[in-house]
Amino acid sequence: MNKSGCLYKVPLFNPLTVNERNNIQCLLHHKTFHKGELIFSPGDQEQLSIISSGAMKIYRTSKTGKEQLIRIVKEGEYDGENYLFGLTNDSLYGEAVTKTEVCILYKTEFNKLIELYPQLSCRLLQLNAHKTVAVEKQLELLALDRIEDRLALYISRLSPLPTIIEDEIVILPLSMKELANYLATSPETISRKFKNFQERGLIIRNRKKMTLLNAFWSEFDFL
């Protein structure tokens, strides 16, 4: 994915015309990261990391070194805008989940971009509203006492149109470790819960591919 492709693929730049997008290509820095490589970390130069392909996980580490997953940034999404507006990153890391191509916009170039095209500020506010909703959804999950309920609600949200009429196939975007971190539990607990769901006839799971059976939708009354 080249810089031009990034400009056309990422919703942030939708308000711009073709000529305007071409004019700002020089402001973007295109980089490729392999799985496990850090895209940004505390103390780095302020940057907006835009995912052209692949995915990036955002996490912090505890004093004991335990990783706490915050969110997954997928293709077409971005992270780091808060640092461009004066906040300091003193705890968050961005790491490539797989081979990931990133368009990076540093603070100095970002300031030039906003001066040229102030309409992008409004677009940032719109997209940030969606990110706020995602954070609220995670908090809703963590507010549930039972890990079983957290897991059930999480995987139900992977389905675009939950239904009790027919089975639904979903793909887990996270590893067991990442999902456990996201739900504030252990990978062993997540594995046991998945096994329990299968034994109860709620799901059929083949690694990351999962079929949510009709019984799944009727089992949990909060869906």
Side-chain angles (χ1 to χ4, degrees), residues 1 5 9-11 32-37 39 49-59 66-79 93-102 130-131 133-223:
M1 179 65 62
K9 194 171 188 178
V10 177
T32 300
F33 298 87
H34 295 283
K35 180 178 180 180
E37 288 187 325
I39 297 172
S49 302
I50 307 166
I51 306 303
S52 296
S53 65
M56 170 178 67
K57 66 177 180 180
I58 309 297
Y59 66 92
K66 184 178 180 180
E67 181 182 303
Q68 178 189 4
L69 180 68
I70 306 299
R71 59 183 167 272
I72 297 292
V73 185
K74 298 174 289 186
E75 185 177 299
E77 299 176 343
Y78 62 87
D79 201 271
Y93 296 81
E95 181 181 309
V97 176
T98 183
K99 182 181 179 182
T100 302
E101 296 178 324
V102 184
H130 291 288
K131 291 179 68 175
V133 170
V135 172
E136 291 174 349
K137 285 185 176 181
Q138 184 183 14
L139 292 176
E140 182 183 355
L141 286 170
L142 297 180
L144 297 172
D145 292 331
R146 298 197 308 166
I147 301 300
E148 175 178 292
D149 291 342
R150 295 182 197 176
L151 180 59
L153 183 55
Y154 172 81
I155 60 179
S156 74
R157 288 173 173 172
L158 298 177
S159 171
L161 294 173
T163 174
I164 60 173
I165 299 176
E166 59 184 21
D167 301 337
E168 189 79 29
I169 296 177
V170 299
I171 303 297
L172 285 173
L174 306 177
S175 68
M176 287 296 100
K177 179 181 178 181
E178 292 165 345
L179 180 55
N181 288 337
Y182 188 77
L183 298 179
T185 186
S186 67
E188 293 77 16
T189 298
I190 293 294
S191 180
R192 286 197 300 270
K193 295 302 179 183
F194 273 131
K195 183 178 180 181
N196 179 259
F197 283 180
Q198 291 188 92
E199 291 174 345
R200 289 158 58 187
L202 306 181
I203 65 172
I204 298 174
R205 177 171 169 248
N206 182 12
R207 300 177 68 84
K208 289 195 172 185
K209 183 178 180 181
M210 185 183 310
T211 301
L212 309 183
L213 303 176
N214 289 345
F216 174 85
W217 302 110
S218 57
E219 176 74 14
F220 300 98
D221 57 8
F222 55 82
L223 300 181

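We use all heavy atoms of the structure for the numbers below, so side chains are in, but hydrogens, waters and symmetry mates are not.
- Applying the salt bridge (charged side-chain N to carboxylate O under 4.0 Å, His left out) test to residues at least two apart or on different chains, the pairs with a partner in residues 170-180 are K57-E178.
- For R150 (side chain) and L144 (main-chain N/O), a donor-acceptor pair under 3.5 Å exists by modelled atom type.
- Side-chain atoms of T100 come within 3.5 Å of backbone N or O of A55 as a donor-acceptor pair.
- Contact of the K74 side chain with the I51 side chain is not registered, since no non-hydrogen atoms from C-beta on lie closer than 4.5 Å.
- In this view, K35 satisfies the side chain to side chain contact (heavy atoms under 4.5 Å, CB included) rule with no residue, not counting sequence neighbours.
- E168 CD to F216 CZ: the interatomic distance, rounded to the nearest 0.5 Å, is 11.0 Å.
- Partners of Y59 according to the ring-ring contact (aromatic ring centres under 6.0 Å, His included) rule, which considers only residues two or more places apart in sequence or in another chain, are Y93.
- Partners of Y182 under the ring-ring contact (aromatic ring centres under 6.0 Å, His included) rule, at least two apart in sequence or in another chain, are Y154.
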Show the numbers, then the answer: is there a side chain to side chain contact (heavy atoms under 4.5 Å, CB included) between I171 and L158? CA-CA 7 Å; I171 303 297; L158 298 177; over 6 Å; no
Decide side chain to side chain contact (heavy atoms under 4.5 Å, CB included) for F33 and V102; before the verdict, give the C-alpha distance in whole Å, the side-chain angles of both, and the deciding distance to 0.1 Å. CA-CA 8 Å; F33 298 87; V102 184; 3.8 Å; yes
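- The CD atom of E101 sits 4.5 Å away from the OG1 atom of T32 when rounded to the nearest 0.5 Å.
- For E140, the side chain to side chain donor-acceptor pair (under 3.5 Å) partners two or more places apart in sequence, or in a different chain, are R157.
- For the side chain to side chain contact (heavy atoms under 4.5 Å, CB included) test, residues two or more places apart in sequence or in another chain that qualify with S186 are E188, T189.
- Just one residue in the list K195, R192, R200 forms a salt bridge (charged side-chain N to carboxylate O under 4.0 Å, His left out) with E148, and that residue is R200.
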